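A short write-up of the structure that comes next.
Letters A, B, ... mirror the listed sequences (proteins, then strands); counts begin at 1. All values below were derived from every heavy atom in this structure, side-chain atoms included, with hydrogens, water molecules and symmetry-related copies excluded. This one's a predicted model, so the numbers in the text were calculated from it and none came from an experiment.
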Number of protein chains: 2
Amino acid sequence: MSGTNTDMPAVIAHELPSPVPLDEIAACPVTDLFRRIGDKWSMLVVILLGKRAYRYNELHRSIEGVSQRMLTRTLRTLEDDGFVRREVYPSVPPSVEYSLTPLGVSLLAPLSALAEWAVANASPTSSGPTA
Amino acid sequence: MSGTNTDMPAVIAHELPSPVPLDEIAACPVTDLFRRIGDKWSMLVVILLGKRAYRYNELHRSIEGVSQRMLTRTLRTLEDDGFVRREVYPSVPPSVEYSLTPLGVSLLAPLSALAEWAVANASPTSSGPTA
DNA sequence: CTGTATCCGCATAGATACTG
DNA sequence: CAGTATCTATGCGGATACAG
């Protein structure tokens with residue numbers, strides 16, 4: 001550590017209003033949201049449930065490639081975060097229905113805006129800058 | 001493969017049992033976008049660069065907690081995806097300036113919408129419903 | 001100043017098997 | 001039908017050292 005260190009309390013002291021302390025980073029609502037639904041399956045499930053309610057195996061079959069473990073984890077997390085509601089019908093055989101909560105539905109709006117942007121700009125993946 | 005498979009051309013299926021093939025999942029623009037900027041630092045960098053151009057060490061100091069490795073990785077990926085522009089000034093000592101491309105700037109809009117939602121609904125983390 | 005190289009820990013994600 | 005349990009593989013993220 002060089003002694004020339006100016007003693008800035010965790011945040012640079014530019015004239016600009018963007019010091020971004022760790023505190024802010026952790027508190028950043030967008031980052032937080034992304035860390036919640038930014039995984040491989042969450043958003044897909046939310047979008048799917050945005051259309052109608054689904055049963056477990058129905059989801060499992062609908063989203064090909066997802067394992068039971070991952071589907072269950074995803075659903076549990078979404079439920080825990082208040083986006084998805086889980087209803088159990090004690091019938092024989094048992095059936096469990098998953099649906100979007102009002103919170104989950106409200107998320108679809110801003111998500112659509114982002115989706116539109118993504119579609120409009122296509123995935124820069126292979127369509128990289130021609131020059 | 002199963003002959004009962006109906007061939008749905010839409011990413012976000014429609015009303016009935018939608019198969020959501022792996023092909024479609026990979027093509028989902030939102031999922032794709034999330035996988036690109038949904039990591040720990042990308043979005044933060046984009047937002048920061050949305051204010052003004054930054055130099056490498058400036059970013060490094062501004063975002064406390066990020067390692068050189070991660071900052072470089074993040075910047076390289078963002079640059080590769082066309083969100084960030086990297087300009088090298090061969091001075092002594094050398095200086096590199098990072099700024100947002102028009103594409104990067106345009107991303108700020110839908111991102112803000114999502115941010116507003118996130119803020120409005122607070123993070124369900126600790127402010128969970130009644131709990 | 002602006003990076004790159006290497007090693008390591010941890011969380012995430014998948015495969016598989018088993019259960020109420 | 002609707003999960004849980006276990007094991008493993010991979011990648012992300014961080015620390016440290018070194019280089020142009």
Atom pair distance, as rounded to whole Å: [atom1] in [X] and [atom2] in [N]:
X: B/Arg61; N: C/dG3; atom1: CZ; atom2: C1'; result: 15 Å
X: A/Tyr54; N: D/dA2; atom1: OH; atom2: P; result: 14 Å
X: A/Arg36; N: C/dA11; atom1: CZ; atom2: P; result: 16 Å
X: A/Asp39; N: C/dA13; atom1: CG; atom2: C1'; result: 10 Å
X: B/Leu59; N: C/dT2; atom1: CG; atom2: P; result: 10 Å
X: B/Tyr89; N: C/dT2; atom1: OH; atom2: P; result: 12 Å
X: B/Leu71; N: C/dA5; atom1: CG; atom2: C1'; result: 17 Å
X: A/Tyr56; N: C/dG20; atom1: OH; atom2: P; result: 17 Å

Report the nucleotide, chosen from [options], that has the shortest atom-to-atom distance to any side-chain atom of [X].
X: B/Val96; options: C/dA5, C/dG3, D/dA2; result: C/dG3
X: B/Gln68; options: C/dG3, C/dA13, D/dC1; result: C/dG3
X: B/Asn57; options: C/dC1, C/dA15, D/dC1; result: C/dC1
X: A/Ser95; options: D/dA2, D/dG14, C/dC1; result: D/dA2

Item to complete: Identify the two heavy atoms, one from A/Glu58 and one from A/Ala53, that lie closest to each other, and give their separation to 0.1 Å.
Response: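 Answer, listing the atom of A/Glu58 first, then A/Ala53: OE1-O, 4.5 Å.
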
Ranking A/Arg76 and A/Pro93 by the position along DNA chain D of their nearest nucleotide, the one closer to 5' is A/Pro93

| query | CD1 of A/Ile63 to CH2 of A/Trp41: how many Å apart, nearest 0.5 Å? | reply |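 Here the interatomic distance stands at 7.0 Å.
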
Note to self: Is the phosphate of D/dT16 approached by B/Arg69 (side-chain N or O, under 4.0 Å from OP1 or OP2)?
What the structure shows: no

Can you tell me if the side-chain N/O atoms of B/Arg73 get under 4.0 Å from OP1 or OP2 in D/dC12?
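For D/dC12, OP1 or OP2 has a side-chain N or O of B/Arg73 closer than 4.0 Å.
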
Would you classify [X] as touching base, sugar-phosphate or nothing, given that sugar-phosphate means primed atoms plus P, OP1 and OP2, and contacts are heavy atoms under 4.0 Å?
X: B/Arg86; answer: sugar-phosphate
X: B/Tyr98; answer: sugar-phosphate
X: A/Thr72; answer: base

*Out of curiosity, does B/Leu59 fall in the hydrophobic cluster containing B/Tyr89 (side-chain heavy atoms, cut-off under 4.5 Å, transitive links)?*
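They do not share one cluster, since no chain of ILVMFWY contacts under 4.5 Å joins B/Tyr89 to B/Leu59.
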
On DNA chain C, more 5' by nearest nucleotide between A/Pro94 and A/Met70 is A/Met70

**Prompt:** Under 3.5 Å, is there a donor-acceptor pair between the B/Tyr56 and B/Ser95 side chains?
**Reply:** no

Original post:
Donor-acceptor pair, A/His60 side chain versus A/Val66 backbone, under 3.5 Å?
Top reply: yes

